[in-house]
2 protein chains.
Amino acid sequence: MQHATPSPAERPLRADARRNRRRLLDAAIALILELGGEPSRDAVAERAGVGIGTLYRHFPDRHSLLRAVALDVIDRTVERGEAALAESTSGGEALRRYLHDAVDSGLGVVNVVHALLDRTDWPDRRAAAQHVLDRLIDRARRDGAIDHDVTATDIALAAIRFCRPLAIGLDPAEERAIAHRQLAAYLDGLPVRLG
Amino acid sequence: MQHATPSPAERPLRADARRNRRRLLDAAIALILELGGEPSRDAVAERAGVGIGTLYRHFPDRHSLLRAVALDVIDRTVERGEAALAESTSGGEALRRYLHDAVDSGLGVVNVVHALLDRTDWPDRRAAAQHVLDRLIDRARRDGAIDHDVTATDIALAAIRFCRPLAIGLDPAEERAIAHRQLAAYLDGLPVRLG
DNA sequence: CTGTAAGCGGAGCAATATACTCCGTTTCAT
DNA sequence: ATGAAACGGAGTATATTGCTCCGCTTACAG
């Protein structure tokens, strides 16, 4: 045990491997958002412009692709949540911005994946997401932007509803535009006005 | 060609056949609402407590079950829309009632089915649904309940969004309760208050 | 009560879709 | 230039689903 044997995960990926991994993730996200369900492996590989062998090398078993997709999206959402918290002038504005960002960053896939995955997966990330949301709500409350009867569950469920793809054959831009419009109206209707 | 040969469709179904048909429809609706997608034939038959042969006798080809489900739900929705129009004291109230009824009567399956079916199917019913919606909006506008920039498309898309199953493993009652809460907030946030 | 046609169930086969492996070829990094 | 890493995709195994067929059961008219 002289020099710690570097676990294989540590070795940096070759450039093409990193690129393909990213492509697979993006393809999977796009497909899930489009069809509102789990896409077949072959479809993901084709969409990514990559061989199936490549998909299996990066994501060997049934769940690992979905897991990776969920982590990717959650991380992005948490990051944006932090930014919203840091940069917004009011709690209401931060919360509103967070939810609109969630629509844009594809949080919808997490909902879809969530249904397919064991809840015991990635407890840490879920905790991180939960934590950001809690802080957002807390601040919005302290600023008087939302009532106390608006719970974290309400917001989480709203995120699920408004981020979920309509799966009606709309193109992604239109889909997002609609989600933003509807979300805005919903937020306007929540007890007490959001900044 | 003496006495007009009665087309087979005309002969009234035997009592058990009618019961089973109804069961199949209900099972299909429940399954679609639960999993947010097309259920397998076998699953529908099992849920209905009926043999697969029976399913195929009633709905011989790929689309006929889905079509029947959609017609069933649309008819119910149109009916309720008419009632809302007839019984409500204001246009805003009628529109609000219509949307909440849509959540209850499983309009969500139409969204799901819609994506799987050819749009050229059942043009008549679609027209009927469209017509009720148009009248509801027209009346709500005349009553000053909604602005002119709230279009029929907005309302239709809202119906799609709020009726769509969350497919998160909630039981149906909870699912509906959430949809009602969210819909209410959304409606409150629409330009100009609904009666 | 009885006969019979309408209806039922579900085993089982065919078709399709999906998961996953394997290995010769290509690309990257040094 | 060369070895290690990664790639592609044909091909096979497996699961899923769609659908048929026919012997049995049930409704209901007479």
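These values consider heavy atoms only, across backbone and side chains, with no hydrogens, waters or symmetry-generated copies. In what follows, chains carry the letters A, B, and so on, assigned in the order in which the sequence lines appear, proteins first and then strands, with residues in each chain numbered from 1.
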(Q) Check this for me, if you would: do B/Arg76 and B/Asp104 make a salt bridge, where the nitrogen-to-carboxylate-oxygen distance has to be below 4.0 angstrom? (A) no
Q.
Test of understanding: with ring-ring contact (aromatic ring centres under 6.0 Å, His included), list the residues that count as partners of B/Tyr98, not counting sequence neighbours.
A.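 So B/Tyr98 forms no ring-ring contact (aromatic ring centres under 6.0 Å, His included) with any residue.
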Mind checking what makes side-chain hydrogen bond (donor to acceptor under 3.5 Å, both in side chains) contact with [X], not counting sequence neighbours?
X        : value
B/Asp42  : none
B/Asp16  : B/Arg14
B/Arg47  : B/Glu34
B/His131 : none

Q | Under 4.0 Å protein heavy-atom contact, by nucleotide of nucleotides 25-30 of chain C - B base, S sugar-phosphate only | A | --BSS-
Return all side-chain donor-acceptor pairs below 3.5 angstrom for residues 51-59 of chain B, not counting sequence neighbours, or 'none' if the list is empty.
none

Q. Which residues in residues 41-52 of chain A have at least one heavy atom lying under 4.0 Å from any atom of DNA chain C?
A.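 Those residues whose heavy atoms fall under 4.0 Å from DNA chain C, taken from residues 41-52 of chain A in numerical order, are A/Arg41.
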Q | Sequence neighbours excluded - side chain to side chain donor-acceptor pair (under 3.5 Å) pairs with any residue from residues 153-170 of chain A | A | A/Thr151-A/Asp154, A/Asp154-B/Arg181, A/Arg161-B/Gln182
Q. Quick one: how far along DNA chain D does chain A reach, first to last nucleotide 5' to 3', anything under 4.0 Å to a heavy atom?
A. D/dA4 to D/dA10
Q. Taking only residues two or more places apart in sequence, or in another chain, which ones meet B/Asp101 in a side-chain contact (heavy atoms from CB on, under 4.5 Å)?
A.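 Testing B/Asp101 for side-chain contact (heavy atoms from CB on, under 4.5 Å), a comparison that skips the adjacent residues, returns B/Arg80, B/Arg97.
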Q: Give the angle between the helix axes at the two ends of the helix from C/dC1-D/dG30 to C/dT30-D/dA1, taking five base pairs at each end and rounding to 10°.
A: 30°
